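To keep things clear, I will list the structure first and then write my remarks on it.
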Amino acid sequence: MALGKDYAHQQCSIARALEVVGERWTLLVVRDAFYGVRRYNDFLVHLGAPRAVLAARLQALVEAGVLDRRRYQESPPRDEYVLTERGLALWPVLRSLGAWGRAEVPGAVPVRHFHHADCGTELGPYGECPACRLPVPPADVEMRPGAGLDPDPGDPVGRALLRPRRLLVPVGPGELGKSVDPVVPIGTVVPVVPEAVGNS
């Protein structure tokens, strides 16, 4: 029997929040959006979530007002997903959950460190800058690789995220190189077709 998606008998704001972000993969989609991932295929290759699940999570986050779907190409139509104000409000939740995972899960090694981009100080446990004594909004956070990060990830998004970068800055096509459909079997040679340089 499938589990329901709501907590109808729970009178609790945590239960209401879990109805929006509590399904498997959902918080990881939001995490990647903070990391600058915006396009469906980039979420797909970085997360490794099943296509149907990822599509459903993205749609649910758009419907909940956590992500905004924006058209970036008309032919063929392609959209990107950007955090809304409601989505940005989840940063303290993700920050705290990550800190809890590092502190409380045996064997956890820091994968990423978060610093105040203005002064370089590593953020405190609540996302504050200890040096400036200010809360740091996500756009002013620089993410740096930690000791637990795989130095040779198998996907182009993971490789782009190896370098220090500010949160919310889009992972751009220039960082990813020419992407290959993730369902192509390993060892398959895929011809690269040069892009047209204008219309005649």
Side-chain angles (χ1 to χ4, degrees), residues 12-23 25-39 42-43 45-47 57-58 61-62 64-70 72 80-153 155-176:
C12 169
S13 58
I14 294 174
R16 299 291 78 79
L18 287 174
E19 289 172 354
V20 176
V21 296
E23 288 192 275
W25 297 107
T26 301
L27 280 177
L28 296 179
V29 169
V30 174
R31 175 207 66 191
D32 274 13
F34 275 102
Y35 290 178
V37 178
R38 291 187 168 188
R39 297 180 179 182
D42 295 339
F43 282 109
V45 298
H46 191 240
L47 293 173
R57 297 303 181 267
L58 288 168
L61 288 167
V62 168
V66 172
L67 294 176
D68 184 30
R69 184 182 9 235
R70 297 179 186 167
Y72 71 88
E80 63 182 10
Y81 299 87
V82 181
L83 288 161
T84 63
E85 288 300 316
R86 177 177 278 183
L88 291 171
L90 285 167
W91 170 242
V93 175
L94 289 174
R95 171 87 181 121
S96 295
L97 191 58
W100 181 86
R102 284 189 300 279
E104 302 298 332
V105 175
V109 178
V111 174
R112 303 190 190 282
H113 297 280
F114 299 95
H115 295 255
H116 187 192
D118 292 348
C119 72
T121 304
E122 187 164 5
L123 300 184
Y126 303 104
E128 79 287 359
C129 176
C132 300
R133 296 189 176 142
L134 295 170
V136 181
D140 293 335
V141 173
E142 183 181 68
M143 177 175 65
R144 299 179 186 173
L149 191 64
D150 180 357
D152 188 24
D155 69 278
V157 175
R159 288 190 293 277
L161 296 177
L162 286 174
R163 295 180 289 281
R165 63 183 302 114
R166 279 190 188 231
L167 294 184
L168 305 176
V169 172
V171 174
E175 294 178 273
L176 302 177

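Being a predicted model, the structure only gives us computed values, none of them experimental.
Arg95 forms no cation-pi arrangement with Phe114, by the criterion of a distance under 6.0 Å to the ring centre and an angle within 45° of the ring axis.
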List the atom pairs, donor and acceptor, that lie under 3.5 Å between side-chain atoms in residues 83-93 and the rest of the protein, sequence neighbours left out.
| from | atom 1 | to | atom 2 | distance (Å) |
| --- | --- | --- | --- | --- |
| Thr84 | OG1 | Gly65 | O | 2.4 |
| Thr84 | OG1 | Val66 | O | 3.1 |
| Thr84 | OG1 | Arg86 | N | 3.3 |
| Thr84 | OG1 | Gly87 | N | 3.2 |
| Arg86 | NH1 | Ala64 | O | 2.6 |

Enumerate donor-acceptor pairs with a distance under 3.5 Å from any side-chain N or O in residues 134-151 to protein atoms, sequence neighbours excluded.
| from | atom 1 | to | atom 2 | distance (Å) |
| --- | --- | --- | --- | --- |
| Asp140 | OD1 | Arg166 | NH1 | 3.4 |
| Glu142 | OE1 | Arg144 | NE | 2.6 |
| Glu142 | OE1 | Arg144 | NH2 | 3.0 |
| Arg144 | NH1 | His115 | ND1 | 3.4 |
| Asp150 | OD1 | Asp152 | N | 2.9 |

Passes side-chain contact (heavy atoms from CB on, under 4.5 Å), Leu18 versus Ile14? Steps please.
CA-CA 6 Å; Leu18 287 174; Ile14 294 174; 4.1 Å; yes
Using the rule given for side-chain contact (heavy atoms from CB on, under 4.5 Å), can you reason through Tyr72 versus Arg39, listing the C-alpha separation, both sets of side-chain angles and the distance that settles it, and then say yes or no?
CA-CA 10 Å; Tyr72 71 88; Arg39 297 180 179 182; 3.3 Å; yes
Steps toward side-chain contact (heavy atoms from CB on, under 4.5 Å) verdict (Tyr81, Arg69)
CA-CA 5 Å; Tyr81 299 87; Arg69 184 182 9 235; 3.5 Å; yes
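No side-chain heavy atom of His46 sits under 4.5 Å from any side-chain heavy atom of Val171.
Closest non-hydrogen pair, Arg102 versus Arg112, comes out as NH1-O, 4.3 Å. Closest approach of Val21 and Thr26 over heavy atoms only: CA-CG2, 3.6 Å. When every heavy atom of Phe43 is checked against every heavy atom of Leu58, the shortest pair comes out as CE1-CD2, 4.1 Å. Summarising the geometry of Thr121 relative to Cys129, their closest heavy-atom pair is CB-SG, 3.9 Å, with the distance given to 0.1 Å. When all heavy atoms of Ala33 and Leu168 are compared, the closest pair comes out as O-CD2, 4.3 Å. The two residues Leu167 and Tyr35 make their nearest non-hydrogen contact at CD2-CD2, 4.0 Å.
One N or O on the side chain of Arg159 and one on the backbone of Pro153 form a donor-acceptor pair closer than 3.5 Å. Between the Arg165 side chain and the Pro170 main chain, a donor and an acceptor come within less than 3.5 Å of each other.
Environment of CZ in Arg163: crowded, with over 12 heavy atoms of neighbouring residues, nucleotides or ligands closer than 6.0 Å.
Screening residues 122-132 for side-chain hydrogen bond (donor to acceptor under 3.5 Å, both in side chains), with sequence neighbours left out, gives His113-Glu122.
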